[in-house]
**Q** 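Before I ask anything, here is the structure I am working with.
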Amino acid sequence: VSLGHSGLAAAPWAFGGNVFGWTVDRAMAFRLLDAFVERGFNLIDTADVYPPQCPTGTSESIIGEWLAQGGGRREQVLVATKLGVPTADGQGTSRAYMVGAVERSLRRLRTDVIDLYQAHIDDAATPLEETLGAFDELVRAGKVRAIGASNFTAPRLGAALAVSRARGLARYATLQPWYNLYDRDLYEGALEQAARAGGLTVLPYFGLASGFLTGKYRSAADLEGSARAYRVKDMLVPRGLRILAALDEAA
């Protein structure tokens, strides 16, 4: 799958690194990543804030340690990370914050370039011109290959693409929205239309609705001991069970 206009291409599944350092320890993360790459996949997605339950950069650090083992690992994968959500080091997408955030992520990931660097949130307090200008500087400096957006509304995504076009700045190639078979309305509609019009590749997060769509949660008893219970509990309603029934039939 081509990642927008970036020239980068990824296998059709990405590995979400939110779990590294939380429900997946370092040793298991290494095993999972090895198996992922061995089966022909190559896009690893994380963020400087993952996982929120741990110190800033825990997931990036684990991925960096895995890459540092060598064996062609870095050449085989596309590394995607994000910035903007509050961390111990700050937040937002101002130029002043971004120039430090990218260096911290590069250091933790043990690489000299981030393949896909994404604005984790739309920072309304910073002009789009400033954010995109900073992204453009990072691309020109060779520290970032392509940029993406996450958690943007349709109007703001359209405005960002217009700024890039008008000023000749780096342009978002991907969109990472909250989207799955349970939560459809956040993407389907105006945001989907904006992504299609802009030629962006969409990389949904919560694709399995925090595990609910696997079917392993059918009752309140199934939530016992689950790290995802706080999200899944609200899906154990008649509508959610109807969706599971439809998936059971399709499977």
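All residue numbers refer to positions in the sequence shown, counting from 1.
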**Q** Do I147 and L157 land in one hydrophobic cluster if side-chain heavy atoms of ILVMFWY residues count as linked below 4.5 Å?
**A**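 Per the 4.5 Å side-chain linkage, I147 and L157 are co-clustered.
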**Q** Does the side chain of R26 reach to within under 4.5 Å of the side chain of W66, using non-hydrogen atoms?
**A**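 A side-chain contact is absent here, since even the closest heavy-atom pair is not under 4.5 Å.
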**Q** Tell me whether R171 contacts the main-chain N or O of G198 through its side chain, where contact means a donor paired with an acceptor under 3.5 Å.
**A**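 Checked: pair present.
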**Q** Given 3.5 Å as the limit, does a donor-acceptor pair link the side chain of T214 with the main chain of G211, or not?
**A**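 Side chain of T214 to backbone of G211, a donor-acceptor pair under 3.5 Å: yes, one is there.
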**Q** Has T201 got a side-chain atom pairing as donor or acceptor with S2's backbone, closer than 3.5 angstrom?
**A**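 Side chain of T201 to backbone of S2, a donor-acceptor pair under 3.5 Å: yes, one is there.
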**Q** Taking salt bridge (Lys or Arg N to Asp or Glu O under 4.0 Å) as the cut-off, I'd like each qualifying pair that reaches into residues 188-207, sequence neighbours left out, listed once.
**A**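 Only R184-E188, E192-R196 qualify under salt bridge (Lys or Arg N to Asp or Glu O under 4.0 Å).
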**Q** Rounded to the nearest 0.5 Å, what's the gap from CZ on R39 to CG on D34? Could you check?
**A**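 That separation rounds to 10.0 Å.
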**Q** If I take atom CE from residue M98 and atom CG from residue L138, how far apart are they, to the nearest 0.5 angstrom?
**A**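 Going from the CE atom of M98 to the CG atom of L138 covers 5.5 Å.
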**Q** Examine distances only and state if a side-chain atom of Y172 and a backbone atom of L200 form a donor-acceptor pair shorter than 3.5 Å.
**A**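 Checking the backbone N and O of L200 against the side chain of Y172, no donor-acceptor pair under 3.5 Å is found.
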**Q** How close do N18 and R228 get, heavy atom to heavy atom, and via which atoms?
**A**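 Reported closest heavy-atom pair: OD1-NH2, 3.6 Å.
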**Q** In terms of side-chain geometry, is the basic nitrogen of K143 or E137 positioned less than 4.0 Å from the acidic oxygen of its partner?
**A**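 Result for this pair is no, no salt bridge flagged.
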**Q** Using the ring-ring contact (aromatic ring centres under 6.0 Å, His included) criterion, which residues pair with W13? Sequence neighbours excluded.
**A**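 ring-ring contact (aromatic ring centres under 6.0 Å, His included) check on W13 returns F41.
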**Q** Is there a path from I114 to L169 through hydrophobic residues (I, L, V, M, F, W, Y) whose side chains come within less than 4.5 Å of each other?
**A**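 Per the 4.5 Å side-chain linkage, I114 and L169 are co-clustered.
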**Q** Where is the tightest heavy-atom contact between A101 and Y117, given as atom of each residue plus distance?
**A**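 Scanning both residues, the minimum pair turns out to be C-OH, 3.6 Å.
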**Q** Side chains of L83 and V102, heavy atoms from C-beta outward: is any pair under 4.5 Å?
**A**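 L83 does not reach V102 side chain to side chain.
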**Q** Any side-chain heavy atom of D25 within less than 4.5 Å of one from I62?
**A**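 Counting from C-beta outward, D25 and I62 never come under 4.5 Å.
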**Q** Report yes or no: do I63 and L43 belong to one cluster of Ile/Leu/Val/Met/Phe/Trp/Tyr joined by side chain heavy-atom distances under 4.5 Å?
**A**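 In one cluster: no.
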**Q** Looking at V163, is its backbone amide N or carbonyl O close enough to the side chain of R167 to form a donor-acceptor pair, meaning the two atoms are under 3.5 Å apart?
**A**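 Checked: no pair found.
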**Q** For R73 and V77, run side-chain contact (heavy atoms from CB on, under 4.5 Å): C-alpha distance rounded to whole Å, both residues' side-chain angles, the deciding distance at 0.1 Å, then the answer.
**A** CA-CA 7 Å; R73 285 176 172 79; V77 299; 5.8 Å; no
**Q** Where do F135 and A119 come nearest, in terms of heavy atoms and distance?
**A**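 Heavy atoms only, the tightest pair is CZ-N, 3.9 Å.
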**Q** Walk me through it: do L175 and L191 pass the test side-chain contact (heavy atoms from CB on, under 4.5 Å)?
**A** CA-CA 10 Å; L175 172 68; L191 185 55; 3.8 Å; yes
**Q** Side-chain donor-acceptor contacts of residues 44-58 below 3.5 Å, not counting sequence neighbours, with atom names and distances?
**A**
from: D45; atom 1: OD1; to: Q118; atom 2: NE2; distance (Å): 3.1
from: D45; atom 1: OD1; to: Q176; atom 2: NE2; distance (Å): 3.3
from: D45; atom 1: OD2; to: K82; atom 2: NZ; distance (Å): 2.7
from: T46; atom 1: OG1; to: S59; atom 2: OG; distance (Å): 2.7
from: Y50; atom 1: OH; to: K82; atom 2: NZ; distance (Å): 3.1
from: T56; atom 1: OG1; to: A88; atom 2: N; distance (Å): 3.1
from: T58; atom 1: OG1; to: P55; atom 2: O; distance (Å): 2.7

**Q** Do the side chains of V202 and P177 get nearer than 4.5 Å, heavy atoms only?
**A**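 Result yes, sub-4.5 Å side-chain heavy-atom pair found.
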**Q** Taking all non-hydrogen atoms of both residues, which atom of Y97 and which atom of G92 are closest, and how far apart?
**A**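 Looking at all heavy atoms of both residues, the closest pair is CD2-O, 3.0 Å.
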**Q** Between the side chain of D183 and the main-chain N/O of N180, is any donor-acceptor distance below 3.5 Å?
**A**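 No; zero donor-acceptor contacts below 3.5 Å.
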**Q** Answer yes or no: is there an ion pair linking R107 with D112, defined by an N-O contact shorter than 4.0 Å?
**A**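 Here R107 does not pair with D112 in a salt bridge, since their nearest N and O are not under 4.0 Å apart.
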**Q** Are any of the side-chain heavy atoms of F206 and L213 separated by less than 4.5 Å?
**A**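 The answer is no; the side chains never approach within 4.5 Å.
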**Q** State whether a side-chain donor-acceptor pair under 3.5 Å links T111 with R74.
**A**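 There is such a pair (donor and acceptor under 3.5 Å, judged by atom type) between the side chains of T111 and R74.
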**Q** Do any N or O atoms from the side chain of S164 and from the backbone of L161 form a donor-acceptor pair under 3.5 angstrom?
**A**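 Checked: no pair found.
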**Q** Checking the side chain of D115 only, and the main-chain atoms of R145 only, is there a donor and an acceptor separated by less than 3.5 Å?
**A**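 Pair absent, no side-chain N/O of D115 close to backbone of R145.
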**Q** With F15, which residues qualify under ring-ring contact (aromatic ring centres under 6.0 Å, His included), at least two apart?
**A**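 Counting only residues at least two positions away or on another chain, F15 forms a ring-ring contact (aromatic ring centres under 6.0 Å, His included) with F20, F36.
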**Q** How far does CD of Q76 sit from CD of E38, to the nearest 0.5 angstrom?
**A**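 With rounding to 0.5 Å, CD (Q76) is 9.0 Å from CD (E38).
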**Q** Holding to ring-ring contact (aromatic ring centres under 6.0 Å, His included), I want the full list of residues that pass it with Y217, two or more places apart in sequence or in another chain.
**A**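 Partners of Y217 under the ring-ring contact (aromatic ring centres under 6.0 Å, His included) test: none.
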**Q** Under the 3.5 angstrom rule, does the side chain of N151 hit a backbone N or O of H120 as a donor-acceptor pair?
**A**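 The answer is yes, because a donor-acceptor pair under 3.5 Å joins these two groups.
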**Q** List the steps, then state whether side-chain contact (heavy atoms from CB on, under 4.5 Å) holds for M28 with L32.
**A** CA-CA 6 Å; M28 179 57 76; L32 292 172; 3.9 Å; yes
**Q** Salt-bridged, R104 to D89, with N to O below 4.0 Å?
**A**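 Judged by the 4.0 Å cut-off on N to carboxylate O distance, R104 and D89 do form a salt bridge.
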**Q** Less than 6.0 Å separating the ring centroids of Y205 and Y179?
**A**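 No, the ring of Y205 stays outside the 6.0 Å limit from the ring of Y179, centre to centre.
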**Q** Can you find a pair of side-chain heavy atoms, one from E60 and one from T81, that are under 4.5 Å apart?
**A**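 SC-SC contact between E60 and T81 confirmed.
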**Q** Side-chain polar contacts of residues 230-243 - donor-acceptor pairs under 3.5 angstrom, sequence neighbours left out - could you list them?
**A**
from: R239; atom 1: NH1; to: Y182; atom 2: O; distance (Å): 3.2
from: R239; atom 1: NH2; to: Y182; atom 2: O; distance (Å): 2.7

**Q** According to a hydrophobic-cluster definition based on side-chain heavy atoms being under 4.5 Å apart (Ile, Leu, Val, Met, Phe, Trp, Tyr only), do L78 and L67 belong together?
**A**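 They do not share one cluster, since no chain of ILVMFWY contacts under 4.5 Å joins L78 to L67.
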**Q** To check you understand the geometry: which heavy-atom pair defines the closest contact between L3 and A10, and what is its length?
**A**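 For L3 and A10, the tightest heavy-atom pair comes out as CD2-CB, 4.3 Å.
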**Q** Identify the two heavy atoms, one from A29 and one from V24, that lie closest to each other, and give their separation to 0.1 Å.
**A**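 Minimum heavy-atom separation between A29 and V24: N-CG1, 3.4 Å.
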**Q** Find out if a path of hydrophobic residues (ILVMFWY) with successive side-chain heavy-atom gaps under 4.5 Å connects L128 to V139.
**A**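 In one cluster with L128: V139, yes.
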**Q** NE2 of H5 to OG1 of T174: how many Å apart, nearest 0.5 Å?
**A**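 Answer for the NE2-OG1 pair, H5 versus T174, is 9.0 Å.
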**Q** What's the verdict on side-chain contact (heavy atoms from CB on, under 4.5 Å) for E130 and S94, showing C-alpha distance, side-chain angles and the deciding distance?
**A** CA-CA 7 Å; E130 180 179 340; S94 67; 3.5 Å; yes
